[in-house]
Amino acid sequence: MRKTFQRTLITSALPYANGPVHIGHLAGVYIPADIYARYLRLKGEEVLFIGGSDEHGVPIALKAKTEGITPQEIVDRYHYIIKKSFEEFGITFDIYSRTTSAIHHQTASGFFQKLYEKGEFIEKTSEQYYDEEAGQFLADRYITGECPHCGNKHAYGDQCEVCGATLSPLDLIHPKSAVSGSIPVPKATKHWYLPLDRHEAWLKKWILEDHREWKSNVYGQCKSWLDMGLQPRAVSRDLNWGIPIPVEGGEGKVLYVWFDAPVGYISNTIEHSPDDWEKWWKDESTRLIHFIGKDNIVFHCIVFPAMLKAEGTYILPENVPANEFLNLEGDKISTSRNWAVWLHEYLEDFPGKQDVLRYVLTASAPETKDNDFTWKDFQARNNSELVAVFGNFVNRAMVLVHKYFQGRIPERGEPDDYDRATLNEFKHIKRNLEDCLNQFRFRDALKEAMNLARTGNKYLADTEPWKSVKTDAGRTKTVLNIAMQITASLAIAFEPFLPFSSEKLKRMINKKDLKWSDLGSIDLLETGLRLNQPDLLFEKIEDEAIEKQIQKLQDARKANVLKESQAAAKPLKACIGFDAFEKMDIRTGIVLECSKVPRADKLLQFKIDDGLGGRTILSGIAGYYAPEELVGKQVCFIANLEPRKIRGIESQGMILAAENADGAVAVIRPDKEVSPGSEVK
RNA sequence: CGCGGAGUGGAGCAGUUGGUAGCUCGCCAGGCUCAUAACCUGGAGGCCGUGGGUUCGAGUCCUUCCUCCGCAACCA
């Protein structure tokens, strides 16, 4: 049943070039992909490992605008930083290119054209908001206005975050462009859609029946999408930064990034092997594997395969091992809040310690659920696993050989039962290691590799060559010969995970070419082979270095708070007359009851004593106040605001609260106790 | 009820088709001294988020509710 493959094409999600890469990217995508690529190469398989920067899309266009430079300058800046970081971390891409390349433009454009000619798209004309001042159509997210359901003034074009309603930009009352601040006007625009619904039947069979082995997070998400029924998705956007739509009526429009970016995998393959790229994409004996993060699952499992199938000549992915997310010290990693460990900064602070980070990120990779990276854990894993177990075993074996046999591999006599049991253990671990790697379980695979080193330590402890050297030279030779064979095997086993250390270890034992199939062999180092001087593979990381990193994060947090407190206050609204102010009836009241509104994340329902018999008010502050926190407290509210139903409950007024720049809310309360119903002027 | 993932000793994770709860780190005790105070052995520590159900038997299957994360809605 299992297909046999002749070669493997590995892709890793294209990082978005609006910032550098951080440990989350590395742990989620690039390290697993690199481990897999290295493993297959070590086994002598034909592998191509593709990467590149994703450089189009609205956020980059906007960032360029705010910085007053061209989008190209933005992506140039980050593309080279990202590329360099990957190189320094030993991510062995066969090619790392970019979506602004000429080849990619041609390829993506041609891909669109082919689907267009085959009639794989449908066209729809719709009204969309156009910003006349900025001269562009607006993405849903870049329009704000008043929510027609709850009256929230800052609803987005796609959703109101206060009442949770799903919106279309045209629903918004008083829409405003987030780009220029002007009032957008509806304008007809034509777009092309990929009718995913047409592909539903085969996708269902292909994923739900033929790929039950996919990871549960991947399978589950696909199943949910397929069960809901697929909808056509727009493949074009009204934007001036991207790949122009190459067909009639496409002026001023570009490919939507999700159509553009995955084709980048193909373009980069073409750039790498212009003559025989097709064998990687169009030959059934190629196994295609996409390494991605969990946010990208539907694109890689449903949308991109639908594109490939629609085109007609491409193979489909064999597996999509998606990882969950990595947090940092308990908080979500965030580029904008500078809550991240940036790769280029890590390398400055820990020069030469790429493997330590590779180890830690693999050992606590978010394979099945979100995980947390902490500097304490980083230190502990380095000191008590890499140094104490792996590094120490290698060092003691090397030192013993130097001490007793002048650095030459001693002759091995007949192994005894215990020797054989240890070597047997090696065969066993090798098998486990391969099973884990084949199933993309890199965390477990690494643990198995560490078990090899543990076995080595135990072997030395049990055979005690420092004792036998006084009584039985032959036995000591055999033991240290075997210990060194184990050391050589470690160099192989760790190569996919810790390539720099493996390289160093191979120099120490004077062996260049070791293949995966050699793992577990006891004839890797021939008798008499001269070893080089031992050099520590890993060194302890002291508390000061860790505290410096923690301090750095705390500083980032402080800087954020400072930035928020110094955030420019919003510009004033237009002047109003005193009569307009007088129309508002603001009162005080005492909170009698307060409860969460069921099935609404942010809403609290208040019962207020307003001195007039009481009233119910809903307020979207559940994220900042526990219901019981405000009971018995005085609040201020607008008493004559038109009542409005929210989630089926009528809200009779609005509780006044100050909103901080970071979105945090503080309820306004009278400084001294006043009687309920007092007017606020 | 929009959808998906996760909740297991102090921390991080395994737990395959239901059959005695495991691993690494940390902690405690002992051993060893070749080794980066590293290594080896033993030990303590868990009603597997919550309530209910199916079963001779549930961490595992069904179900209630709670918590965290993601998708839908640029980001691994």
Side-chain angles (χ1 to χ4, degrees), chain A residues 12-16 18-19 21-32 54 56-63 139-142 156-159 161 164 166 215-225 227-228 257-258 291-299 322-327 332-336 363-372 374 376-377 380-381 383-389 391-404 441 443-444 446-447 450-451 454 456-462 464-467 469 480 483 534 536-540 598-599:
Chain A
S12 56
L14 306 185
Y16 198 56
N18 69 340
V21 280
H22 53 63
I23 53 170
H25 297 110
L26 209 55
V29 178
Y30 306 102
I31 287 179
D54 174 13
H56 294 130
V58 177
I60 284 173
L62 275 182
K63 191 178 178 113
D140 294 356
R141 200 71 189 172
Y142 293 100
Y156 291 103
D158 48 1
Q159 189 192 40
E161 301 209 321
T166 305
K215 289 176 64 172
S216 61
N217 56 346
V218 177
Y219 189 89
Q221 176 128 36
C222 291
K223 184 172 188 312
S224 127
W225 271 65
D227 288 350
M228 278 190 297
V257 277
W258 66 254
F291 282 87
I292 57 166
K294 69 171 157 182
D295 54 330
N296 255 328
I297 290 171
V298 283
F299 294 108
N323 272 338
E324 302 283 304
F325 281 179
L326 190 71
N327 293 327
K332 247 200 268 195
I333 294 180
S334 160
T335 301
S336 57
S364 54
E367 286 183 7
T368 48
K369 63 170 187 188
D370 291 1
N371 257 346
D372 198 25
T374 65
K376 289 276 179 213
D377 180 62
R381 284 189 185 277
N383 293 355
S384 59
E385 295 181 26
L386 285 180
V387 173
V389 178
N392 184 45
F393 168 70
V394 170
N395 191 46
R396 60 201 294 214
M398 291 284 296
V399 166
L400 286 168
V401 173
H402 272 278
K403 202 177 249 180
Y404 301 151
R441 289 165 45 198
R443 200 172 49 191
D444 290 343
L446 182 60
K447 202 178 268 180
M450 279 308 272
N451 281 340
R454 285 179 218 285
N457 273 319
K458 188 166 156 45
Y459 181 72
L460 285 184
D462 291 343
E464 299 180 307
W466 51 90
K467 280 188 182 165
V469 72
L480 287 183
L536 297 183
L537 280 184
F538 307 99
E539 51 193 30
K540 285 198 91 159
R599 297 198 180 80

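Residue numbering restarts at 1 for every chain, and letters A, B, ... go by the order of the sequence lines.
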Compare side-chain N and O positions of [X] against OP1 and OP2 of [N] and report whether any pair is under 4.0 Å apart.
| X | N | value |
| --- | --- | --- |
| A:Arg443 | B:A14 | yes |
| A:Lys376 | B:G26 | no |
| A:Arg454 | B:C25 | yes |

Determine the interatomic distance between [atom1] on [N] and the same-named atom on [M]; round to the nearest Å.
| N | M | atom1 | result |
| --- | --- | --- | --- |
| B:U20 | B:G57 | P | 15 Å |
| B:C61 | B:U16 | P | 8 Å |
| B:U8 | B:G59 | P | 15 Å |

Checklist entry - When rounded to the nearest 0.5 angstrom, what distance separates CE in A:Met398 from CZ in A:Phe393? => result 11.0 Å
Item to check | Dot-bracket summary - RNA chain B, pairs being Watson-Crick or G-U whose distances fall under 3.5 Å, with | when paired to another strand | outcome: .(((((((.[[[[.)...(..]]]].(((((.......))))).....[.[[[..)....]]].])))))).....
Checklist entry - In this structure, which one of A:Val218, A:Ile297, A:Asn323 forms a side-chain contact (heavy atoms from CB on, under 4.5 Å) with A:Ile292? => result A:Ile297
Next on the checklist: Quick check for you: among B:C25, B:G5, B:C39, whose closest atom lies nearest to any side-chain atom of A:Glu324?
Outcome noted: B:G5
Interatomic distance, [X] [atom1] vs [N] [atom2] [rounded to whole Å]:
| X | N | atom1 | atom2 | value |
| --- | --- | --- | --- | --- |
| A:Asn323 | B:G4 | CG | C1' | 16 Å |
| A:Ile60 | B:C74 | CD1 | P | 14 Å |
| A:Glu464 | B:C40 | CD | C1' | 10 Å |

